[in-house]
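As structure tokens, the structure follows; a few thoughts come after it.
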Amino acid sequence: MKRILFLALLLPGFAQAQEVTLRLVSAFPENQFYVKRTIDWIGEVNKEGKGVLQINFIGGPKAIPTFEVGKAVQSGVVDVGFSTGAFYTNVMPEADILKLSETSAAEQRKNGGYDLINKIWAEKGNMRYLAKTVEFTPFHLYINKKIDKPDLTGMKIRITPVYREFFQSMNAQVMTTAPGEVYTALERGVIDGYGWPIHALFDLNWQEKTKYRVDPGFYNAEVGLIMNLDKYKGLPPKARQFLDRKALAYEQQNDFWKSYNQNEAKRQAEAGIQVITFDAATNKAYVEKAKEIGWANAIKASPQYGEQLKKVLAK
Ligand code: 173
């Protein structure tokens with residue numbers, strides 16, 4: 001018996017039989033640059049991971065709707081999700097708190113933030129947070145009506161949980177939609193504006209329907225790779241180590257966004273998007289208010305973890 005087992009271990013096909021394939025879905029539309037970048041990363045994983053780990057890209061919101069991706073990862077309908085936390089507050093309110101990060105992902109790996117995130121994601125979402133793939137990216141308010149002070153009275157603004165309380169504090173009427181529905185809403189005049197990062201407007205052609213960007217930006221966009229915890233724990237150690245290493249390497253590319261975002265602002269100007277900004281004191285108050293409202297809401301939504309997250313995310 002022992003000898004047979006020994007021989008089986010030596011069979012050339014044995015390693016192959018251990019290869020794991022993970023199914024990944026994106027909460028962002030497939031034509032977004034984020035997703036293309038992730039597909040490139042998957043290509044590298046698959047090239048290097050032969051015999052160990054492969055990732056199968058299933059698709060974007062047509063496969064699983066944007067706001068259902070978190071649930072699909074939690075339940076194991078899919079293994080890995082590419083999403084921002086705001087899209088899975090239906091799993092846990094903590095997901096949207098990552099937008100309040102002032103410390104970087106690299107700092108959070110060192111200051112206990114990454115471990116705390118993983119404690120919460122495991123406990124409340126049955127998830128492993130593999131890596132943050134977007135950061136150093138402010139959100140902005142984009143509008144089609146001119147304003148001379150931060151007052152959105154009479155305006156209907158597309159949101160996700162990221163922006164809700166902040167825009168409401170400026171009297172906006174808000175409407176939640178997935179990114180894939182914004183273009184049509186703008187085209188039909190259903191909305192007068194939207195919240196969105198400094199980048200990735202062009203991916204979805206929103207520049208065609210956008211007149212103004214309000215500066216300054218606020219918060220810090222987070223997009224990450226989340227994985228079903230049971231699946232993660234069940235990976236053969238070699239596959240898990242490989243996945244952790246590749247996910248970390250992806251996260252370590254985040255400085256990329258700094259120059260990319262500068263260029264995106266330039267592209268917006270070239271496309272005719274005008275900047276609306278206020279006096280220095282109003283701008284300062286605008287950013288401070290966003291932060292204050294963000295944390296107040298985070299702590300209200302998560303009395304259990306809000307304060308702990310603030311210690312590692314805020315500066
Ligand atoms: O506006 C959004 O859809 C949103 O919440 C978001 C978050 C991170 C990156 C891009 C968009």
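Just follow the structure's listing: the first ligand is 1, and inside any ligand the first atom is 1.
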Is it true that the side chains of Asp203 and Asn31 contain a donor and an acceptor less than 3.5 Å apart? no
protein heavy-atom neighbour closest to atom 11 (C) of ligand 1 works out as Trp196 CZ3, 3.6 Å
Closer than 4.0 angstrom: is that true for some heavy atom of Arg158 and an atom of ligand 1? yes
Atom 10 (C) of ligand 1: of Pro197, Gly85, Ala200, the nearest heavy atom sits on Pro197
Contact region, Thr137 to ligand 1, non-hydrogen atoms below 4.0 Å, reads neither
Note to self: Asp215 vs Ile276, test: side-chain contact (heavy atoms from CB on, under 4.5 Å). Steps then yes/no.
What the structure shows: CA-CA 6 Å; Asp215 279 7; Ile276 294 177; over 6 Å; no
Contact region, Tyr219 to ligand 1, non-hydrogen atoms below 4.0 Å, reads neither
### Message
Please say yes or no: joined through hydrophobic side-chain contacts below 4.5 Å, possibly via intermediate residues, are Val77 and Val73 part of one cluster?
### Response
yes
Among non-hydrogen protein atoms, atom 9 (C) of ligand 1 lies closest to Tyr34 OH, 3.5 Å
* Is the Phe28 to Phe87 ring centre distance short of 6.0 Å? -> yes
Quick note on ligand 1: atoms under 4.0 Å from a heavy atom of Val162 include exactly 5 (O)
Taking only non-hydrogen atoms of Gly195 and a 4.0 Å limit, the atoms of ligand 1 in range are 1 (O)
Atom 5 (O) of ligand 1 has as its nearest protein heavy atom Thr160 OG1, 2.8 Å
If only side-chain N and O atoms count, and only distance matters, is there a donor-acceptor pair under 3.5 Å linking Tyr88 with Gln74? no
of all protein heavy atoms, closest to atom 6 (C) of ligand 1 is Phe139 CE2, 3.8 Å
Salt bridge (charged side-chain N to carboxylate O under 4.0 Å, His left out) filter on Lys132, not counting sequence neighbours, yields none
If we number the atoms of ligand 1 from 1 as shown, the ones under 4.0 Å from a heavy atom of Phe87 are 3 (O)
Below 4.0 angstrom, N of the basic side chain to O of the carboxylate: do Glu102 and Lys310 qualify? no
Within the structure provided, determine whether Glu107 and Lys315 are in side-chain contact (heavy-atom separation under 4.5 Å). yes
Numbered in order shown, the ligand 1 atoms found under 4.0 Å of a heavy atom of Phe28 are 9 (C), 10 (C), 11 (C)
for atom 8 (C) of ligand 1, nearest protein heavy atom and its distance come out as Thr84 OG1, 3.5 Å
Q.
Ignoring hydrogens and geometry beyond distance, is a side-chain donor-acceptor pair present between Tyr250 and Thr38 at under 3.5 Å?
A. yes
Below the 3.5 angstrom mark, is there an N/O of Tyr163, backbone or side chain, next to an N/O of ligand 1? yes
